[in-house]
K.L.:
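Got a structure for you, questions after.
Protein chains get the first letters and strands the later ones, always in sequence-line order, with residue 1 at the start of each. Note that the structure is predicted; figures quoted are calculated from it, not measured.
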Amino acid sequence: MKDRLRQYIQSALQSCFDSGALSSGILPDIQIEVPGNPQHGDFSTNAAMMMARTEKRAPRQIAETLVAALGPANDFWQKVEIAGPGFINFTLAPVCWYQVLDQIAREGATYGRSEAGKGQKIQVEFVSANPTGPLHIGHGRGAATGDAVAAVLKAVGYEVEREYYINDAGNQINTLGRSLLLRYRELQGETIEFPEDCYQGDYITDLAREVLETEGNRFLDLPETDAIAWFRSFGGKRILSGIDADLQAFGVFMDHWFSENSLFESGEVERGLELLKERGLTYEKDGAVWFRTTDFGDDKDRVLVRSNGDTTYFASDVAYHMEKLSRGFDTIIDVWGADHHGYVQRMKAVFSGLGHSPEALHLILVQLVNLLRGGEQVAMSTRAGEFVTLREVVDEVGRDACRFFFLMRRSDSQLDFDLELAKQQSTDNPVYYVQYAHARVCSINRNAAEQGISLPGAGEADLSKLVLDEELALAKLLSRYPETLLGAARHHEPHRVIFYLQELAAQFHSYYNRDKVLVEDPDVSRARLALVNAVRTVICNALTLLGVSAPERM
RNA sequence: GCGCCAGUAGCUCAGCUGGAUAGAGCAACGGCCUUCUAAGCCGUGGGUCGAGGGUUCAAGUCCUUCCUGGCGCGCCA
């Protein structure tokens with residue numbers, strides 16, 4: 001719709017230049033937008049104001065010239081007006097909006113999708129929690145966000161891969177092994193002073209008990225390092241499969257699980273260090289190897305190899321991102337907790353250092369989740385093992401509410417998540433508000449069927465019966481779904497889809513209360529059925545994309 | 001001290017690449033069910049967009065200084 005209008009305007013501009021009505025010959029980068037105020041028409045362009053300088057004429061004069069060149073009203077636009085400082089406002093013919101409804105009926109579940117990102121490969125890496133304990137609520141937000149970003153990108157044509165990076169090398173996984181071994185020994189009567197730096201949660205004891213039951217006491221005789229190695233591997237695997245199960249219950253399905261350890265086994269880490277060295281980006285100081293990240297905007301250089309010979313986590317990350325790039329992704333998106341923001345510059349430096357554009361790496365920093373229950377803060381401390389797991393929350397409030405709430409805010413703003421509110425089946429709860437709109441249309445459909453009125457397919461209803469302002473307004477809002485999706489994808493902001501859904505549901509509920517769909521005139525009924533079913537389709541498409549169900553009854 | 005993010009209605013937050021009178025929900029108050037699901041709708045009140053300066057036809061949006069809050073600044077991961 002917008003593109004079609006743009007073509008009209010551009011050809012009008014061109015004819016102005018050709019006829020000499022406008023002199024500069026400079027085609028401005030005009031904007032076409034939907035005015036906030038419906039009195040300003042359906043679309044508005046700032047073309048005249050943009051040209052004021054190059055034309056050296058008042059914007060309103062230019063606008064008049066342009067409007068003259070556009071010619072008389074036609075079957076596309078009904079009215080053109082010049083307003084304010086020089087805006088040109090267009091009101092489109094209703095038939096344009098009827099076409100949108102037909103298009104939705106025709107395209108169904110694919111309405112809103114596009115091929116804007118065709119040919120571009122994007123990887124979204126998210127969650128990537130250490131396999132040392134179950135996912136907690138903070139990971140849940142990362143999971144919902146990463147998954148939705150991936151879904152939205154895919155919907156607009158990008159080739160998308162969802163990946164989980166497993167930190168199965170390094171200290172934390174060792175600590176896991178040690179924690180398990182200690183609990184295991186404790187279970188066999190040994191008195192253990194359980195160290196503070198070990199994992200405190202009950203799940204550790206549960207796992208240790210399981211080992212005792214299936215493997216017996218054979219690890220008591222093993223040298224400690226061997227025993228820890230076994231427990232580390234066992235614990236890591238078990239916890240990881242638990243994480244996978246939790247994610248699946250949350251509706252998140254990873255395409256690829258990538259092991260940090262494999263980077264060592266394949267020599268990737270070594271190669272990464274070599275490459276940086278060859279490029280003259282490293283140096284030795286105090287017995288350690290440093291990466292000159294300050295060359296690329298970081299505020300200090302970073303250690304790659306410690307003086308004791310161990311590589312750092314950062315060295316793994318260099319290798320990991322090198323490996324990602326070698327898989328041919330045009331864009332790499334990492335979803336991190338916002339407390340890792342200090343890491344951004346050095347990761348960008350890796351890209352620059354390896355000769356890639358730092359623009360190829362996008363970071364989505366997800367802020368903290370503030371868990372509340374009835375307005376009261378729920379205390380959490382990972383160290384003491386007192387955290388609320390994602391599983392608990394999903395079990396309590398349900399997957400739909402959980403995912404919706406996580407996506408309701410921009411990821412870079414903190415999120416209050418109130419368990420009581422999320423469970424409430426009331427007007428306070430935006431999840432049900434949107435789902436309810438969908439269920440209501442389904443209910444109308446059932447009533448229509450009882451009355452023997454069939455659902456009109458594309459082109460089967462006389463849409464010219466839709467003459468009310470609120471009906472056209474709904475159709476206009478529906479026409480904006482594809483661009484909403486595209487914006488959400490390009491900016492990696494799935495919350496835009498949530499806000500759109502809330503607006504659409506609000507307009508629908510308002511229409512529903514004001515006008516009956518099923519009326520005496522069967523032609524009007526069928527036209528209105530076509531309209532509300534277009535609403536239903538879009539709500540269903542958007543909710544599905546975000547991993548939230550669209551129930552037919554509530 | 002340095003850096004990142006934020007500061008918009010009493011509360012929680014939207015505000016798309018700068019656009020016309022700054023929006024929504026909650027809370028408060030008043031209405032609407034013999035009519036397709038009241039998990040809904042309609043109405044009322046509520047704002048120096050943290051403060052100052054700048055850029056321009058136009059600034060909540062861009063630049064700059066300052067104030068406030070959260071987070072981060074390991075040869076941890």
K.L.:
Would you say the ring centroid of Tyr164(A) lies under 6.0 angstrom from that of Phe258(A)?
P.N.:
no

K.L.:
Ring centres under 6.0 Å, that's the criterion: do Phe406(A) and Phe417(A) meet it?
P.N.:
yes

K.L.:
Is any N or O donor-acceptor pair between the side chain of His340(A) and the base of G72(B) shorter than 3.5 Å?
P.N.:
no

K.L.:
Would you tell me if any nitrogen or oxygen in the side chain of Arg409(A) comes within less than 4.0 Å of OP1 or OP2 on C5(B)?
P.N.:
no

K.L.:
Counting only non-hydrogen atoms, which of residues 486-497 of chain A are less than 4.0 Å from RNA chain B?
P.N.:
His491(A), His495(A), Arg496(A)

K.L.:
For U12(B), does either OP1 or OP2 sit under 4.0 Å from a side-chain N or O belonging to Ser413(A)?
P.N.:
no

K.L.:
Given Ser44(A) and Asn89(A), is the side-chain hydrogen bond (donor to acceptor under 3.5 Å, both in side chains) satisfied, shown in steps?
P.N.:
CA-CA 4 Å; Ser44(A) 162; Asn89(A) 296 335; 3.3 Å; yes

K.L.:
Is the terminal nitrogen or CZ of Arg178(A) (NZ for Lys, CZ for Arg) located under 6.0 angstrom from the six-membered ring centre of Phe231(A) and within 45° of that ring's axis?
P.N.:
no

K.L.:
For C33(B), measure the glycosidic angle (O4'-C1'-N9-C4 for a purine, O4'-C1'-N1-C2 for a pyrimidine) and name it syn if it falls within 90° of 0, otherwise anti.
P.N.:
syn

K.L.:
With hydrogens left out and only the distance checked, is there a donor-acceptor pair under 3.5 Å joining Ser443(A)'s side chain and the base of C36(B)?
P.N.:
no

K.L.:
Strictly below 4.0 Å: does Arg410(A) bring a side-chain N or O up to OP1 or OP2 of A6(B)?
P.N.:
yes

K.L.:
Pick one: which of Thr484(A), Val538(A), Val434(A) meets side-chain contact (heavy atoms from CB on, under 4.5 Å) with Leu504(A)?
P.N.:
Val538(A)

K.L.:
Looking at Lys2(A) and Glu33(A), is there a salt bridge between them, counting it only when a charged N and a carboxylate O are closer than 4.0 Å?
P.N.:
no

K.L.:
Taking only heavy atoms on the protein side, list every residue of residues 514-531 of chain A lying under 4.0 Å from any atom of RNA chain B, sorted numerically.
P.N.:
Asp515(A), Lys516(A), Val517(A), Leu518(A)

K.L.:
Could you tell me whether the phosphate oxygens of C2(B), OP1 or OP2, come under 4.0 Å of any side-chain nitrogen or oxygen in Lys300(A)?
P.N.:
no

K.L.:
Any side-chain N or O of Thr484(A) below 4.0 angstrom from OP1/OP2 of C16(B)?
P.N.:
no

K.L.:
Taking the minimum atom-to-atom distance to the side chain of Thr312(A), which one of C5(B), G72(B), A77(B) wins?
P.N.:
A77(B)

K.L.:
Take atom CZ of Arg446(A) as the centre, draw a 6.0 Å sphere, and report whether it contains more than 12 heavy atoms from other residues, nucleotides or ligands.
P.N.:
yes

